[in-house]
There are 2 protein chains.
Amino acid sequence: MTKYEYIADVIRKRILSGEYPENTLIPNQIELVEEFNVSRMTIKKAINILMMEGLVYSQRGLGTTVLNNQLPERSATLATDYSGLTKGLEGKEIQSNVIKFDVTFPNELTQEKLKISSHHPVYEIIRLRIVDEEPYALEHTLMPVDLVPGLTKEIASHSIYSYLEQIGIEFAGAHRNIHADKSNELDHQYLECAITDPVLEVEQVVYLKNSRPIEFSRSRNRYDKKSYTVLDVM
Amino acid sequence: MTKYEYIADVIRKRILSGEYPENTLIPNQIELVEEFNVSRMTIKKAINILMMEGLVYSQRGLGTTVLNNQLPERSATLATDYSGLTKGLEGKEIQSNVIKFDVTFPNELTQEKLKISSHHPVYEIIRLRIVDEEPYALEHTLMPVDLVPGLTKEIASHSIYSYLEQIGIEFAGAHRNIHADKSNELDHQYLECAITDPVLEVEQVVYLKNSRPIEFSRSRNRYDKKSYTVLDVM
DNA sequence: CAGTGGTCTAGACCACACC
DNA sequence: GTGTGGTCTAGACCACTGG
């Protein structure tokens, strides 16, 4: 853990606990320099992280204001949550039916997205995600075999991502493309949606800290169960 | 323009022009320090911008590789482009038909989103955005009258955002929620979509630098014309 | 091993907001 | 003017990659 990550964690906790209340200024950067015994550049980097999370907003000449005292919904799209399931589902019963679990060779699109060659084997997994006993999303996932040692159908039926965390894999980020689509045969069958129902499709590539792509997936979501929230900070 | 923005611009141009080809390393940070006569921190900040744009990625011990030689669609979601129309549309002919232009009082949802009271007047604007003579999106926009002095139907038929920039309004960021929906009567009429076609709806609240909300809007997009790209960096 | 990018420092100057 | 955050420097050390 770097110093600026540590400092961001400390300040984030103070905001969430209410020690730095909403719509007030946090201590200025000089004071934080003195408290943490680091240079101002390091403090600034820590504050930048919190700004990207939408917790604070800095203005030259004014100071740094606490915007929210809770992490935005957007956190659903962040951090450890590449699973396609939002944090809003915490406490609900989540199941995964594994419809397909295979090792195969990647087609051209998959080769390009995962930056691998055609003879580089990949897992191909199709799962139906079920929340509170109702179908929620249909996920089609491709992962290079060498990056996910020991993946099994059993693991896929629970949570691939908590397994990846356990074996110490670290994520750098993700590209996502979100669009609407007409539902197809598979959607009707598994998502139990009407023929005229649209789906929200999220296509994503997840990257490791060493920048290798580890997952290319398409998640087709019932339009009445899932939306997607984004926060842009300039 | 800061030094790191300038340097990012220069390097971006070299990538887009092919001077730094795809899948090759750009000069290392020390060489760039010498070329631009700046410190390495400044070079790193410039490269960070390009990394956030998805153009390059850096690996410790290896160097910085060119990933793409073109800007991703994602740029549509960034910076000054809250207009709902992507940068990918540059060079195309864009029209706006103003279907409704009114001043009214906000309903409860609008009051909450724009953080105003019920007696605070708002512009209510409905526009059909047309790209290359084909319907693209239907936008329903609400803005507090006092924040957008002198807005007219004439301005709305061109670009509200270039007007706002002209009068010196500065944006801090935006919250967006993206979801799929069935098309309704209005969509069929204006977007010329089939009854079974879905739409991609983007609901957004745009904030000023002083953190006042200036716009609450819903944009309904033809599912075959618009998608939404997001980049998450941890 | 040498070379790379990531982090961090201790200071400096500047742009901006408020009084 | 005073105080704030934004930028920038010149150098240092470290972590990682590759041969």
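For clarity, every value in this text was computed on a predicted model and none was experimentally measured. Convention: sequence-line order gives letters A, B, ...; per-chain numbering from 1. Values reported hereafter were calculated over all heavy atoms of this structure, with side chains retained and with hydrogens, waters and symmetry mates removed.
We find that OH of Y6(B) is positioned 17 Å from C1' of dT7(D), with the value rounded to whole Å. Between the P atom of dA10(C) and the CZ atom of F36(A) lies a distance of 16 Å, rounded to the nearest Å. Between the C1' atom of dA12(C) and the CZ atom of R40(A) lies a distance of 10 Å, rounded to the nearest Å. Atom CE in M51(A) sits about 11 Å away from atom P in dG5(D), given to the nearest Å. Straight-line distance from the CE atom of M1(B) to the P atom of dG6(D): 19 Å, rounded to whole Å. Taking atom CG of N37(B) as the reference point, atom C1' of dT7(D) lies 17 Å away to the nearest angstrom. Across the protein-nucleic acid pair, I30(B) atom CD1 and dG6(C) atom P stand 12 Å apart, rounded to whole Å. Atom C1' of nucleotide dT4(D) and atom CG of L32(A) are separated by 13 Å, given to the nearest angstrom.
Each of L62(A) and K3(A) was assigned the nucleotide of DNA chain C with the nearest heavy atom; the assignment lying further toward the 5' end belongs to K3(A). If M41(A) and R60(A) are placed on DNA chain D by their nearest nucleotide, the residue sitting closer to the 5' end is R60(A).
Across all strands shown, K44(A) has heavy atoms under 4.0 Å from base atoms, whether or not it also approaches the sugar-phosphate.
Regarding contacts with the backbone of dT9(C), a side-chain N or O of T42(A) is found under 4.0 angstrom from either OP1 or OP2. Taking side-chain N and O atoms only, K45(B) has no distance below 4.0 Å to OP1 or OP2 of dC8(D). Close to dC8(C), at under 4.0 Å from its OP1 or OP2, lies no side-chain N or O of Y4(A). At the phosphate of dG6(D), OP1 or OP2 sits under 4.0 Å from a side-chain N or O atom of Q29(A). Listed pair S58(B) / dT4(C) fails the phosphate criterion, with no side-chain N or O lying under 4.0 Å from OP1 or OP2.
Residue S39(A) places its side chain closer to dT9(C) than to any other of dG6(D), dT7(C), dT9(C).
How far NZ of K100(B) is from CD1 of I125(B): 11.0 Å, rounded to the nearest 0.5 Å.
For L25(A) against T65(A), the heavy-atom pair with the smallest separation is CD2-OG1, 3.6 Å.
When the options F105(A), F101(A), F216(A) are evaluated for a ring pair (Phe, Tyr, Trp, His ring centres under 6.0 Å) with Y123(A), the one that passes is F101(A).
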For this session: Report the C-alpha separation of R12(A) and E19(A) in whole Å, then their side-chain angles, then the decisive distance to 0.1 Å, and conclude whether the salt bridge (charged side-chain N to carboxylate O under 4.0 Å, His left out) test is met.
Result: CA-CA 10 Å; R12(A) 187 186 304 104; E19(A) 185 177 346; over 6 Å; no
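The aromatic rings of F36(B) and Y6(B) sit perpendicular, their planes meeting at an angle over 60°, well past the 30° parallel limit.
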